[in-house]
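All remarks here apply to the structure that follows.
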Number of protein chains: 2
Amino acid sequence: MAATIEDVARLAGVSIATVSRALRGLPDVASATRDRVVAAAAELDYIASPFAARLASGRAATVGVVVPFVNRWFFAEVIDTVETALRKAGFDLLLYNLGDEAGRERFFDVMPMRKRVDAVLVVSLVLSDEEFEALALLGSPVGLLGLERPGFLSSRIDDVRGAQQAVEHLLALGHRRIGLIGGDTDDPMRFTPPLHRRDGYRDALRDAGIDPDPASEVLGYFTIDGGGDATRALLELPDPPTAIFAESDEMAYGALRTIRRANLRVPEDVAIIGFDDQYNAELLDLSTVHQPVAEQAIDISTRLLRAIIDGDVEPATVVLPTELVVRGSTEAACSVY
Amino acid sequence: MAATIEDVARLAGVSIATVSRALRGLPDVASATRDRVVAAAAELDYIASPFAARLASGRAATVGVVVPFVNRWFFAEVIDTVETALRKAGFDLLLYNLGDEAGRERFFDVMPMRKRVDAVLVVSLVLSDEEFEALALLGSPVGLLGLERPGFLSSRIDDVRGAQQAVEHLLALGHRRIGLIGGDTDDPMRFTPPLHRRDGYRDALRDAGIDPDPASEVLGYFTIDGGGDATRALLELPDPPTAIFAESDEMAYGALRTIRRANLRVPEDVAIIGFDDQYNAELLDLSTVHQPVAEQAIDISTRLLRAIIDGDVEPATVVLPTELVVRGSTEAACSVY
DNA sequence: CTGTTAGCGCTTTCAT
DNA sequence: ATGAAAGCGCTAACAG
C-alpha cells in the first residue's frame with residue numbers, strides 16, 4: 001500500500017507532527033530537519049491523503065464551479081481558465097453541470113457541494129432569491145461570473161456599454177435604420193444580457209437623435225436559428241433596416257445565413273454586428289463586441305481564493321471593458337462575402 | 001455548525017452505525033427504523049461529510065478526467081456528458097486540464113490525482129509508454145476515450161473507416177483528383193487520428209483504382225489557418241484537385257475560407273468534406289463524417305463505473321460507428337454558397 | 001436487526 | 001524546534 005505519514009516519520013526519525021509541518025512548509029521547522037523529511041517523503045514516494053487532511057483541517061481545498069452547460073463556448077472557456085488558476089493555487093475544481101431545469105432544481109434542492117468545497121463560483125446563471133439565499137447559507141465565499149448581486153463577489157462586463165459600442169459603430173458608418181435581434185426580456189428567469197444589451201442599443205440610437213422603433217426589435221432567442229428567423233422578419237419590414245445588431249454572435253450567424261440565402265450581400269445590402277467575439281466570429285468575418293472571458297475568470301478566481309485564504313474580502317463587483325472588433329460584416333473594404 | 005451523524009443518531013434514538021446504514025440504503029435495517037432515521041436527518045438537514053466517509057471507506061467516489069484542453073468542441077462535449085453520467089451514479093468529476101507541455105509534464109510527474117480518485121479517464125491524449133506505466137501504477141481502473149491501448153478500457157471510433165466514408169462519397173460524386181489535408185504523422189507524440197484518417201483516404205482511393213499521389217497530401221496541422229494554407233498549396237498544384245478531404249472540420253473551415261477568397265465556388269469548383277461533425281459544420285453547410293462523441297463518453301463512463309463498483313471488468317475496446325453527413329459543400333443541390 | 005468499537009490518516013493544540 | 005495526544009466524522013467488522 002501507499003506510504004503514510006507514519007512511514008515518513010519513522011524513516012526521517014521524527015514525529016508525524018513534524019512531518020506534517022515540514023511538508024506543508026510551515027515555519028518553526030529546522031531546515032536540516034525539513035531536508036531530512038523531504039528526502040524521506042521523496043524516497044517513499046509519499047503524498048498526503050487529501051481526505052484525511054481535509055477531515056482533520058476542515059478545509060476542502062476545492063472550489064465548486066456551477067455552470068448551466070459546459071459544451072458552449074463561454075462556459076468551456078471559463079472552466080478552462082478557472083481550472084488552471086485553481087490548480088496553480090493547490091485547489092481542486094469540482095464541476096457541477098446543471099444541464100436542464102430538472103438538474104437545476106435537484107442541484108439547489110440537495111446542494112451537493114455542501115461540506116465539500118471552500119467556495120462556490122456561479123457562472124452566468126440567473127438565480128432566484130431563494131437560490132441566492134441557499135448559496136449564502138453555505139457559509140462559504142460565493143463568486144459570480146457574468147452576473148451581479150449585492151453582497152457577492154462578482155466579475156462581469158458592461159453589457160449596456162458594449163451594445164452602445166456596436167450601435168455607435170453602425171451609426172458612424174452612416175446607418176440610420178438599425179434593427180435589433182435580441183433575447184426575451186420578459187422571462188422572470190431571464191438572463192440579464194438581453195435587457196442590458198437592448199438598453200445599450202436604444203441609448204445609442206437616442207444619443208444619435210434617432211427614436212428607437214419597436215418594430216425594428218425582434219426576438220432571436222440567443223440561438224442561430226432564432227437569429228435567422230428574426231432576420232427574415234426584419235427583412236420583410238416595409239422599410240427594412242440597413243444594419244442589424246444581434247445581441248449575441250450566435251444570433252448573428254443565423255442572420256448571416258438568412259441574408260446569404262436571400263441573395264443579399266453583407267455588408268453592402270445589410271451590415272451585421274454581433275456580441276461576444278467567440279472564435280467562430282473571426283472565421284465568419286463577423287464584426288462584433290469582444291468580451292474578455294479569461295480576464296473575468298481570472299479576476300473572480302483570484303478574489304475567491306483570497307476570500308478563502310485571507311478570510312475577509314469585500315464583496316466587490318469588477319466590471320471589465322468590452323472592445324469593438326471591426327470585420328467584414330460591417331465594413332466592405334475587407335469583406336470576403 | 002452542521003449536524004453530524006451523532007446528532008442524527010441521538011434524535012432518531014439509534015446508534016450511529018444504524019444511521020450510516022439507513023442513510024446509505026444498506027440492507028438489514030427495519031423499515032420503521034429507516035423511516036425514523038431519514039426523518040431525523042431531514043429535520044437536521046444532515047448530509048454526510050464526504051471526506052470522513054472517504055477516509056473511513058477508502059473510496060473516493062470520484063473519477064479524475066484528464067484532458068489536454070477544455071475549451072474545444074470535442075473535450076467540452078465529453079466533459080459535459082461524463083459529468084452527467086458520473087453525477088447520476090453519485091460520483092464527483094475531478095477535472096485535470098493539462099494545457100501546455102509544461103502542464104502535462106507536471107501532471108505525470110506529480111500525479112496529483114493519486115489517493116483522490118477511484119478511476120481515471122484519459123481523453124484523446126497520446127501518451128508515452130512511461131505515462132501509460134504511471135497510470136497503470138495508480139492501481140485504479142483507467143479508461144481511454146479516443147485512443148486505445150492493450151490492457152486499458154477504451155472507447156473510440158474507427159478513423160480509418162470514417163475517412164473511407166468521406167472519400168468514397170467524393171468518388172461517388174465523380175471526383176478523381178482528391179486532395180488530403182492532414183495532420184503530422186511523423187511526430188512521435190502524435191495523435192493517432194492523422195495516421196488512421198490518412199490510411200482511410202489512401203485505402204478508398206486504391207479501392208477505386210486510383211494511385212494516391214503524395215503531392216496531393218498536404219499538412220493542415222488540425223487548425224483553421226493550417227487548413228487554409230494547405231488549401232492554397234493544393235490549388236496551386238499544376239493539376240489541382242476537384243475535391244478535398246480534410247481530416248478535421250476545423251481544417252475544412254480554413255479550406256472553405258481560402259476557396260471563397262480565391263473566388264471559387266463550393267462545391268462546383270472544389271468540393272470539401274471534413275471529419276467530426278462539430279456544430280459549426282452545419283452552420284457552414286459542410287459535409288463531414290459524424291463521430292458519436294456523447295456515445296463514446298457514455299460508454300466509457302459506464303464501463304469505468306462498473307469497473308470501480310464490481311471490480312473486475314475486462315479491458316475491452318469499444319469501437320463506435322461513424323456516419324457520413326452530406327451537406328452543401330459536396331452536393332450542389334442544397335448548397336448555399 | 002442493532003449497537004460497540006476500532007480505526008481511516010491527517011492537523012492541531014498543548015507541552016516541553 | 002519538536003513530540004504526544006486528542007480529535008475530525010465517518011465506515012466496517014464484530015458481537016449480540
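Because the structure is predicted, anything quoted here is derived from the model rather than measured.
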Calculate the interatomic distance between [X] atom [atom1] and [N] atom [atom2]; express it in whole Å.
X	N	atom1	atom2	answer
B:E6	C:dT5	CD	P	13 Å
B:I5	C:dC8	CD1	P	18 Å
B:L26	C:dC1	CG	C1'	13 Å
B:R116	C:dG9	CZ	P	16 Å
A:D28	C:dC14	CG	P	16 Å
B:R36	C:dC1	CZ	C1'	12 Å
B:R10	D:dC10	CZ	P	12 Å
B:I16	C:dG7	CD1	P	15 Å

May I ask you to verify if any side-chain N or O of [X] is less than 4.0 angstrom from the OP1 or OP2 atom of [N]?
X	N	value
B:T33	C:dC1	no
A:S20	C:dC10	no
A:R24	C:dT11	yes

Between A:I308 and A:F91, is there a side-chain heavy-atom distance shorter than 4.5 Å?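 Yes, side chains in contact.
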Inspect the contact between B:D7 and B:R10 and indicate whether a charged nitrogen and a carboxylate oxygen are less than 4.0 angstrom apart.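 Judged by the 4.0 Å cut-off on N to carboxylate O distance, B:R10 and B:D7 do form a salt bridge.
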Looking at B:D299 and B:R303, does any basic side-chain N land under 4.0 Å from a carboxylate oxygen?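 Yes, B:D299 and B:R303 are salt-bridged.
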Could you check A:A3 against B:V14 and say which one's nearest nucleotide on DNA chain C is further toward the 5' end?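 In this pair, the answer is B:V14.
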Under the salt bridge (charged side-chain N to carboxylate O under 4.0 Å, His left out) test, which residues partner A:R72, sequence neighbours left out?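 Listed in chain order: nothing, the list is empty.
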Stepwise side-chain hydrogen bond (donor to acceptor under 3.5 Å, both in side chains) test for B:S20 and B:R24: CA-CA 6 Å; B:S20 178; B:R24 282 184 298 152; 3.0 Å; yes
Who passes ring pair (Phe, Tyr, Trp, His ring centres under 6.0 Å) against B:F74, sequence neighbours left out?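 By the ring pair (Phe, Tyr, Trp, His ring centres under 6.0 Å) rule, B:F74 matches no residue at all.
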List in chain and number order the residues that pass ring pair (Phe, Tyr, Trp, His ring centres under 6.0 Å) with A:F222, two or more places apart in sequence or in another chain; answer none if no residue qualifies.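 Ring pair (Phe, Tyr, Trp, His ring centres under 6.0 Å) check on A:F222 returns nothing, list empty.
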May I ask you to check whether A:Q291 and A:Q296 show a side-chain donor-acceptor distance below 3.5 Å?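 Present: a donor and an acceptor within the cut-off.
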End axis versus end axis in the helix from C:dC1-D:dG16 to C:dT16-D:dA1, the angle rounded to 10°, five pairs used at each terminus: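 Here the local axes at opposite ends form an angle of 30°.
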Given that A:K115 and A:T18 both sit by DNA chain D, which one's nearest nucleotide is further toward the 5' end?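 Closest to the 5' end, via its nearest nucleotide, is A:T18.
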Can you pull out the residues from residues 39-61 of chain A that lie within a 4.0 Å heavy-atom distance of DNA chain D?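 By residue number: A:L55, A:A56.
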Counting only pairs under 3.5 Å, give me each side-chain donor-acceptor contact of residues 27-43 of chain A, with atom names and distances, residues two or more places apart or in other chains.
residue : atom : partner : partner atom : Å
A:R34   : NH1  : A:A22   : O            : 3.0
A:R34   : NH2  : A:L26   : O            : 2.8
A:R36   : NH1  : A:A12   : O            : 2.6

